[in-house]
S.K.: 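Handing you this structure, nothing more for now.
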Amino acid sequence: MNDVPPLDPGADGIEEGKRLIRQGGDQGLSLSERIAERFHRLTWRTPIHTLKLKGRHPLKLLTVADDPFFGDIERGQALLDGKLMFRGEALPVEALALDRPAFSKAYGEHLHAFAWLRDLSSVTTRQVGAPIAESIMRQWIAAHGATISEPAWRPDLWGRRILYWTSHAPLILSSTDLVYRSNVLHALARGARHLDRTADKAPAGAPRIAAWCGVVAAGLMIPGGDPRRIFGEAGLAKALAASLTDDGGIVGRSPAALYDAIQLVTMLRGTYAARRMELPEFAAERLPRMVAALLGVAHADKALSSWQGGCPQDPELVVQTIEATGVRTRPLRQARDWGYQRMSAGNTLVIVDAAPPPIARMVDGGCASTLAFELSDGQSRIVVNCGGARSAVVQVPAALTEGLRTTAAHSTLVLGDSNSTALHGDGTLGKGVAEVELSRQESEATSRIEASHNGYVRRFGLVHRRLLALGNDGRDLRGEDMLLPEGRRRRRDPVPFTIRFHLAPDVEVAPTADGQAAFLRLPGQLLWQFRAKGAALAIEESLWINAFGRPIATRQLVLSGEAAPGGASVSWAFHRSR
């Protein structure tokens with residue numbers, strides 16, 4: 001045993017940062033465990049890992065890519081305890097029953113994408129994690145490895161799966177069972193061929209980007225893959241053009257989807273790096289714009305604002321994602337194509353949805369949030385949107401998650417107790433906001449946005465116009481909501497309206513004696529005042545979906561009134577008193 005040489009980080013042919021061990025390395029392992037680790041690493045350089053496929057190229061992986069992102073610790077620890085967990089849903093690893101699934105759609109997508117490999121590799125070594133990963137892999141291969149089925153063989157899930165398999169290959173291919181290893185590698189090859197035919201069928205946005213990233217990754221990692229890589233790069237270029245706006249946003253208008261797309265492109269860059277190649281220019285030049293757009297909808301706490309069914313995301317992971325891109329840029333203030341506007345002064349930040357909802361075919365679960373806004377003071381959020389329609393934990397009832405898509409779940413005006421854009425039960429969007437007129441002015445005194453939408457014209461003959469003005473010291477946000485007559489349809493009867501300002505959970509609210517104002521106390525003894533004119537003020541219950549998809553009880557300021565046939569106007573203001 002004394003003849004065993006010390007482990008050389010580069011002696012196994014896997015570059016530092018591209019091996020399985022992501023936390024702790026060999027530290028704390030016994031000598032026998034270190035010998036076992038060395039054997040498994042060396043298999044990546046021996047004939048054991050070069051099983052033949054029909055044709056002239058050996059069926060193997062050329063190298064191991066680097067996954068630049070850290071996983072979820074809680075989910076990783078659950079895997080060590082024998083459970084695969086996602087958004088409040090947990091099932092035993094040994095009994096996932098993939099051939100007769102009893103889990104939610106979101107859970108299934110997480111499982112089939114093999115995104116859990118990142119979580120597992122972030123909490124343990126290969127020696128401990130490989131048996132767990134192999135157990136799930138064996139079940140997946142038995143149920144889906146050779147048979148095309150939905151959703152397992154969906155193009156976007158195959159694209160993600162190839163990225164994760166090639167980034168965490170030692171975790172799933174360390175077994176000495178040659179039949180098992182052959183089955184995994186053959187499934188990878190079949191999936192790559194399937195993607196060649198189906199990648200472009202994935203919906204535009206993160207799904208299509210994921211599918212084409214998988215094609216390119218397969219071309220980079222499977223021997224003889226240059227033709228596939230070239231084909232994949234052409235497809236990826238078109239997918240990015242169809243999925244991203246010129247200012248870096250994504251077609252579904254979801255910050256969570258843009259966050260996902262940034263991770264996909266960054267993971268693919270790691271796959272190129274493993275082959276000592278550069279990410280193609282068409283992708284590399286888009287990444288800074290994507291990052292700037294994402295930063296444009298992030299608050300000072302580094303978490304995202306809540307739009308189009310998303311939740312804030314863990315701020316630590318958002319920061320890690322931005323750092324992994326290597327991009328250094330400022331937040332995008334005016335994303336006219338993507339549709340978000342950002343105003344800031346002092347410690348105060350306002351993020352506004354100044355565009356129609358996404359095109360129905362571009363997104364499942366779009367929200368009727370036009371002209372809503374979020375407001376924060378430093379690290380403290382003040383006004384939020386409920387969020388979470390597509391990211392809440394499984395315990396949130398389906399009826400409530402659908403309710404989170406409504407106009408009433410956002411901080412904006414609701415007319416006639418109806419949505420500004422119709423929401424269908426199948427997740428698609430109907431008629432409503434077709435255009436938004438936007439004017440933005442900057443002066444030494446204020447930043448001013450005036451925008452209007454036509455979502456209520458067809459039903460009520462009224463346009464909603466919202467004015468927002470942020471003082472240059474950040475102490476005052478003044479607003480006005482107007483309902484103006486337009487179009488042929490004119491109602492003779494008054495139409496009820498409400499203007500909602502959902503408050504962050506940490507905000508303590510108390511009404512003033514006259515009932516027309518409220519005090520808002522933030523953490524750190526920050527004190528804001530809210531006052532309105534032209535409508536009655538009430539304080540009601542609300543909820544907010546946090547970064548982990550869990551509903552948190554909170555309150556909302558509600559202004560109520562009636563719009564006469566000639567329209568209505570309500571002015572309001574948030575003022576920081578200390």
Side-chain angles (χ1 to χ4, degrees), residues 203-205 242-247 249-255 257-258 293 297 307-310 334-341 351-373 385 389-390 402 404-440 449-468 480-491 495-500 563 565-569:
S243 301
L244 301 174
T245 58
D246 289 342
D247 52 23
I250 199 161
V251 290
R253 302 200 59 231
S254 166
L258 181 58
V297 293
W307 304 106
Q308 296 305 321
Q334 299 189 56
R336 289 183 177 269
D337 292 332
W338 195 26
Y340 296 105
Q341 296 286 317
I351 301 171
V352 187
D353 178 357
I359 299 173
R361 66 176 181 274
M362 294 292 188
V363 65
D364 173 27
C367 300
S369 58
T370 308
L371 299 195
F373 74 93
N385 299 304
R390 288 298 177 265
E402 288 304 299
L404 296 173
R405 300 173 57 205
T406 63
T407 305
H410 297 80
S411 294
T412 187
L413 177 144
V414 178
L415 183 60
D417 196 26
S418 61
N419 295 307
S420 56
T421 295
L423 306 176
H424 296 159
D426 62 358
T428 59
L429 297 166
K431 294 181 178 180
V433 180
E435 62 179 355
V436 171
E437 293 185 1
L438 173 68
S439 172
R440 178 164 180 164
I449 289 177
E450 187 170 357
S452 62
H453 75 72
N454 63 349
Y456 293 120
V457 170
R458 182 170 174 269
R459 284 165 287 173
F460 303 110
L462 294 169
V463 165
H464 174 209
R465 179 175 295 171
R466 168 164 274 184
L467 169 66
L468 298 170
E480 184 176 7
D481 284 291
M482 295 160 277
L483 290 167
L484 307 174
E486 184 175 302
R488 298 179 180 179
R489 187 180 182 87
R490 299 290 178 88
R491 292 177 64 99
V495 184
F497 67 83
T498 56
I499 305 170
R500 301 178 184 274
S569 175

S.K.: Kindly compute the distance separating NE2 (His453) from OG (Ser420), expressed to the nearest 0.5 Å.
M.R.: 4.5 Å
S.K.: Would you call the rings of Trp338 and Tyr340 parallel, tilted or perpendicular, taking 30° and 60° as the class edges?
M.R.: perpendicular
S.K.: Determine whether a donor-acceptor pair (N or O, by modelled atom type, separation under 3.5 Å) exists between the side chain of Tyr456 and the backbone of Gly416.
M.R.: no
S.K.: Any donor-acceptor pair under 3.5 Å linking the side chain of Asn385 with the backbone of Ser411?
M.R.: yes
S.K.: Let me confirm one number: the CZ-CD distance from Arg465 to Glu437, rounded to the nearest 0.5 Å.
M.R.: 7.0 Å
S.K.: Any salt bridge linking Glu486 with Arg458? Criterion: basic side-chain nitrogen under 4.0 Å from a carboxylate oxygen.
M.R.: no
S.K.: Sub-3.5 Å donor-acceptor pair from the side chain of Arg253 to the main-chain atoms of Pro356, do we have one?
M.R.: yes
S.K.: For Asp353 and Leu371, run side-chain contact (heavy atoms from CB on, under 4.5 Å): C-alpha distance rounded to whole Å, both residues' side-chain angles, the deciding distance at 0.1 Å, then the answer.
M.R.: CA-CA 5 Å; Asp353 178 357; Leu371 299 195; over 6 Å; no
S.K.: What class does the angle between the rings of Trp307 and His410 fall in, given that below 30° is parallel, 30 to 60° is tilted and above 60° is perpendicular?
M.R.: parallel
S.K.: Using atom types as modelled and distance alone, determine if a side-chain donor or acceptor of Arg405 lies under 3.5 Å from a backbone N or O of Gly427.
M.R.: yes
S.K.: Kindly give the heavy-atom pair with the smallest separation between Val251 and Leu244, and that separation in Å.
M.R.: CG1-N, 4.4 Å
S.K.: Using modelled atom types only, decide if a donor and an acceptor are shared between the side chain of Thr421 and the backbone of Val433 within a distance under 3.5 Å.
M.R.: yes
S.K.: Filter on salt bridge (Lys or Arg N to Asp or Glu O under 4.0 Å), then keep only pairs touching residues 416-429, sequence neighbours left out; what's left?
M.R.: none
S.K.: Search all heavy atoms of Leu462 against all heavy atoms of Gly567 and return the closest pair with its distance.
M.R.: CD2-CA, 4.2 Å
S.K.: Show the nearest heavy-atom pair for residues Gly432 and Asn454, with the distance to one decimal.
M.R.: O-OD1, 4.0 Å
S.K.: Is there side-chain contact between Phe497 and His464, with at least one heavy-atom pair below 4.5 Å?
M.R.: no
S.K.: Are any side-chain N or O atoms of Thr407 and backbone N or O atoms of Val414, one a donor and one an acceptor, separated by less than 3.5 Å?
M.R.: no
S.K.: For a quick test of reading the model, state the closest non-hydrogen atom pair linking Leu258 to Ala293 and the distance between them.
M.R.: CD2-CB, 3.9 Å
S.K.: Starting at CD1 of Ile499, measure out to CG of Leu415 and round the result to the nearest 0.5 Å.
M.R.: 10.5 Å
S.K.: Give, for atom CE of Met482 and atom CG of Leu413, the distance between the pair rounded to the nearest 0.5 Å.
M.R.: 11.0 Å
S.K.: Check whether any side-chain heavy atom of Thr412 sits under 4.5 Å from a side-chain heavy atom of Ser369, and report yes or no.
M.R.: no
S.K.: What I'd like to find out is whether the side chain of Ile449 reaches to under 4.5 Å of the side chain of Leu467, using heavy atoms alone.
M.R.: no
S.K.: Work out which heavy atom in Gln341 is nearest to a heavy atom in Gln334; give both atom names and the distance.
M.R.: OE1-CG, 3.4 Å
S.K.: Which pair of non-hydrogen atoms, one from Ala354 and one from Val436, has the smallest distance, and what is that distance?
M.R.: O-CG1, 3.6 Å
S.K.: Is a side-chain donor or acceptor of Gln308 paired with a backbone partner of Cys367 at a separation under 3.5 angstrom?
M.R.: yes
